[in-house]
Amino acid sequence: MIVTQLEDLNDTERDVTSETWRSRRIVLAREGVGFSMHDTVIYAGTTSTFHYENHIEAVYCVQGEGTLTNEETGEVHDLRDGTLYLLDGHEKHTVRATTELRMACVFNPPVTGRETHDESGVYPLVTEAEADRKVPTGPRVGEETKIASQADASMNS
């Protein structure tokens, strides 16, 4: 079991910011669970364009108001508390935050935390060395951790 307090991620390698947003990466590829989860705040009055060619992303708005534009079709959708959008076709999209937006974001495949958006808003596909389910061998928040595969852990039991 992993338990994380969001504030414990502040000012760590899991706390990533840009001019228009801040993303705290709660679950990353190193946890070995097949997805990553981020708490992302998009600042009021800003516009951000993203395009995830290598990841599927689900985004659930838990606070705020704004709009989502599908740059491929021109469709515009309202964003507000309780809205979910799923980028299952790798759609290039733009988020305009009327008020501060707080989003819970899930990525598959999981991000490692080392990705940065390129000039097109794309995250490159970066993977961890081991793809099997991992079991933590120590504390996780705010530091690099040593993780062993379940196979290794079961041999030591």
Review point. How about Tyr85 and His77: are their ring centres within less than 6.0 Å of each other?
Key: no
Point to revise | Full working for side chain to side chain contact (heavy atoms under 4.5 Å, CB included) between Glu100 and Val41 | key: CA-CA 7 Å; Glu100 183 175 274; Val41 172; 3.4 Å; yes
Review point. Would Glu65 and Thr99 count as having a side-chain donor-acceptor pair, cut-off 3.5 Å?
Key: no
Check your understanding: Between OG of Ser23 and NE2 of His38, what distance do you get to the nearest 0.5 Å?
Key -> 5.5 Å
Check your understanding: Does Arg14 pair with Glu31 as a salt bridge, N-O distance under 4.0 Å?
Key -> yes
Exercise for review: Starting from the C-alpha separation in whole Å, work towards a yes-or-no answer on side chain to side chain contact (heavy atoms under 4.5 Å, CB included) for Asp78 and Thr67.
Suggested key: CA-CA 5 Å; Asp78 289 333; Thr67 60; 4.1 Å; yes
Review point. Going by the salt bridge (Lys or Arg N to Asp or Glu O under 4.0 Å) test, which pairs reach into residues 15-24, not counting sequence neighbours?
Key: Asp15-Arg22, Arg24-Asp39
Practice item. Quick one: pull up CG in Leu9 and OG1 in Thr4 and give me the separation to the nearest 0.5 Å. Key: 6.0 Å
Check your understanding: To the nearest 0.5 Å, how far apart are CG in Asn54 and NE2 in His90?
Key -> 7.5 Å
Review point. How many angstroms lie between OG1 in Thr69 and CD in Glu75, if you round to the nearest 0.5 Å?
Key: 10.0 Å
**Study point:** Short side-chain donor-acceptor distance under 3.5 Å, His51 and Thr49
**Key:** no
Study note, to complete from the structure: Tightest non-hydrogen contact, residues Ser36 and Pro110, listed as N-CB, 3.5 Å
Review point. Are Leu79 and Val62 connected in a single hydrophobic cluster, I mean Ile/Leu/Val/Met/Phe/Trp/Tyr linked by side-chain heavy atoms less than 4.5 Å apart?
Key: no
Review point. Where do Ile56 and Leu87 land on the side chain to side chain contact (heavy atoms under 4.5 Å, CB included) test, with the steps shown first?
Key: CA-CA 6 Å; Ile56 300 296; Leu87 301 164; 5.9 Å; no
Check your understanding: Do the ring planes of Tyr52 and His93 sit parallel (below 30°), tilted (30 to 60°) or perpendicular (above 60°)?
Key -> tilted
**Study point:** Derivation and outcome, side chain to side chain contact (heavy atoms under 4.5 Å, CB included), residues Thr112 and Leu28
**Key:** CA-CA 5 Å; Thr112 65; Leu28 289 170; 5.9 Å; no
Check your understanding: Looking only at heavy atoms, what is the nearest atom pair of Leu101 and Gly66, with distance?
Key -> CD2-N, 4.0 Å
Study note, to complete from the structure: Looking only at heavy atoms, the pair that brings Ser18 and Tyr43 closest together is O-CE1, 3.8 Å
Check your understanding: Measuring from Arg102:CZ to Trp21:CH2, what's the distance to the nearest 0.5 Å?
Key -> 15.5 Å
Point to revise | Closest non-hydrogen atom pair, Gly82 against Tyr60 | key: CA-OH, 3.5 Å
Point to revise | Hydrophobic cluster membership, Val27 vs Leu6, 4.5 Å side-chain cutoff | key: yes
**Study point:** OG1-NZ distance between Thr73 and Lys92, expressed to the nearest 0.5 angstrom
**Key:** 13.0 Å
Study note, to complete from the structure: For Thr46 and Thr20, the nearest pair of non-hydrogen atoms, with its separation, is OG1-O, 3.6 Å
